[in-house]
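Encoded as structure tokens, the structure appears first; notes follow it.
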Amino acid sequence: MSVTYIMVGGIAVAAFIFLLIHKRSEGLRSLLFKLENDNNVLEIRVNEMEEERGQVQGNVAQLKGRMEAHEEAVAAEQRAISEAALQQEQLKTETFVEYLIRAGTVTKEHLVKVKAYKEKNRSQNSVEELLIMLDFVSGSSMQQAKTAYAAGKSAKDAPSPEQGKTV
């Protein structure tokens, strides 16, 4: 009889240990299931963030391109302003004879011929008078050029709109 009791007692202990292990494994299974779900949620969030990161990088690249284009436009505008200011300064110091050449009223060849005539004949006449006298330009054209030159000089002496700007 004692062997039977020992066997029954051993079976009872084994059953008790089995139940304990079984209950504990259910708790662990439940925990494992919860952790797997949490992991899946985190993976979804990581994927969404990677997509958003790609979009942000694309936006950054686009903004850099726009910024470079803007900087180039600003630099071109500054060059144009500088060139206009330089040209304005050059026009302020332009002589009437230089104006006649720039306006196309006379050519450099005409001026060379006038200078040669003036030296050869020791003429006291001005270049303008000799241009008319040698028939390189008419008197009325010369008068129109003088009027335009004088009007341009007075307009150049006035402050330009660019000079009033502050950057």
Side-chain angles (χ1 to χ4, degrees), residues 28-167:
L28 290 175
R29 279 189 204 131
S30 171
L31 179 63
L32 181 62
F33 180 74
K34 182 182 179 307
L35 290 174
E36 285 176 348
N37 282 339
D38 289 348
N39 187 41
N40 289 338
V41 169
L42 289 174
E43 285 179 358
I44 290 170
R45 284 186 185 166
V46 165
N47 289 336
E48 289 171 350
M49 287 183 173
E50 285 177 352
E51 287 176 14
E52 186 177 345
R53 178 176 169 231
Q55 290 173 349
V56 168
Q57 286 176 337
N59 290 343
V60 166
Q62 185 182 27
L63 288 174
K64 281 183 180 179
R66 288 174 59 191
M67 193 167 106
E68 288 172 1
H70 176 71
E71 287 172 349
E72 288 174 9
V74 166
E77 184 178 346
Q78 288 174 343
R79 281 191 305 273
I81 290 171
S82 295
E83 289 172 4
L86 178 63
Q87 187 177 23
Q88 185 95 12
E89 209 44 48
Q90 288 172 342
L91 291 178
K92 284 182 182 178
T93 60
E94 182 178 54
T95 65
F96 179 63
V97 174
E98 290 169 340
Y99 169 77
L100 290 174
I101 293 172
R102 185 176 57 82
T105 307
V106 296
T107 65
K108 288 183 180 182
E109 294 168 354
H110 292 151
L111 293 176
V112 168
K113 289 179 182 177
V114 165
K115 185 176 179 183
Y117 178 87
K118 191 170 185 165
E119 286 176 4
K120 181 180 177 186
N121 296 313
R122 299 180 192 251
S123 174
Q124 297 298 317
N125 294 342
S126 68
V127 173
E128 294 88 0
E129 292 171 332
L130 290 174
L131 284 167
I132 294 170
M133 190 174 82
L134 295 174
D135 243 1
F136 292 132
V137 66
S138 69
S140 62
S141 294
M142 183 63 72
Q143 189 57 41
Q144 288 174 349
K146 283 183 181 182
T147 304
Y149 177 74
K153 275 295 186 182
S154 63
K156 291 173 200 140
D157 293 338
S160 69
E162 291 297 324
Q163 291 172 342
K165 276 189 180 177
T166 57
V167 179

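Because only heavy atoms are used, hydrogens play no part in the values below, and waters and symmetry mates are left out as well, while side chains stay in.
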Check your understanding: Can you name the side chain to side chain contact (heavy atoms under 4.5 Å, CB included) partners of A80, sequence neighbours left out?
Key -> none

Measuring from [X]:[atom1] to [Y]:[atom2], what's the distance to the nearest 0.5 Å?
{"X": "L35", "Y": "L28", "atom1": "CG", "atom2": "CG", "result": "10.5 Å"}
{"X": "L131", "Y": "T105", "atom1": "CG", "atom2": "OG1", "result": "9.5 Å"}
{"X": "Y149", "Y": "E98", "atom1": "OH", "atom2": "CD", "result": "8.0 Å"}

Exercise for review: Would you mind listing every salt bridge (charged side-chain N to carboxylate O under 4.0 Å, His left out) that reaches into residues 125-147, with sequence neighbours excluded?
Suggested key: none

Practice item. Provide the full list of salt bridge (charged side-chain N to carboxylate O under 4.0 Å, His left out) pairs with a residue in residues 106-126, sequence neighbours left out, each pair given once. Key: none

Check your understanding: What's the verdict on side chain to side chain contact (heavy atoms under 4.5 Å, CB included) for I101 and V106, showing C-alpha distance, side-chain angles and the deciding distance?
Key -> CA-CA 5 Å; I101 293 172; V106 296; 4.1 Å; yes

Practice item. Enumerate the residue pairs fulfilling ring pair (Phe, Tyr, Trp, His ring centres under 6.0 Å) with a member in residues 112-136, sequence neighbours excluded, ordered by first and then second residue. Key: H110-F136

Check your understanding: Any ring pair (Phe, Tyr, Trp, His ring centres under 6.0 Å) pairs touching residues 37-65, not counting sequence neighbours?
Key -> none

Check your understanding: Under the criterion side chain to side chain contact (heavy atoms under 4.5 Å, CB included), which of N125, N121, L111 is the partner of L130?
Key -> N125

Review point. If you look at every heavy atom in A145 and Y99, which pair is closest and at what distance?
Key: O-CE2, 3.5 Å

Can you give each donor-acceptor pair under 3.5 Å made by side-chain atoms of residues 44-70, sequence neighbours left out, with the distance rounded to 0.1 Å?
residue: N47; atom: ND2; partner: E43; partner atom: O; Å: 3.4

Practice item. With sequence neighbours left out, write down each residue that passes salt bridge (charged side-chain N to carboxylate O under 4.0 Å, His left out) with K34, or none if nothing qualifies. Key: D38

Revision key, fill the gap. Residues passing the side chain to side chain donor-acceptor pair (under 3.5 Å) test with T147, sequence neighbours excluded, are none

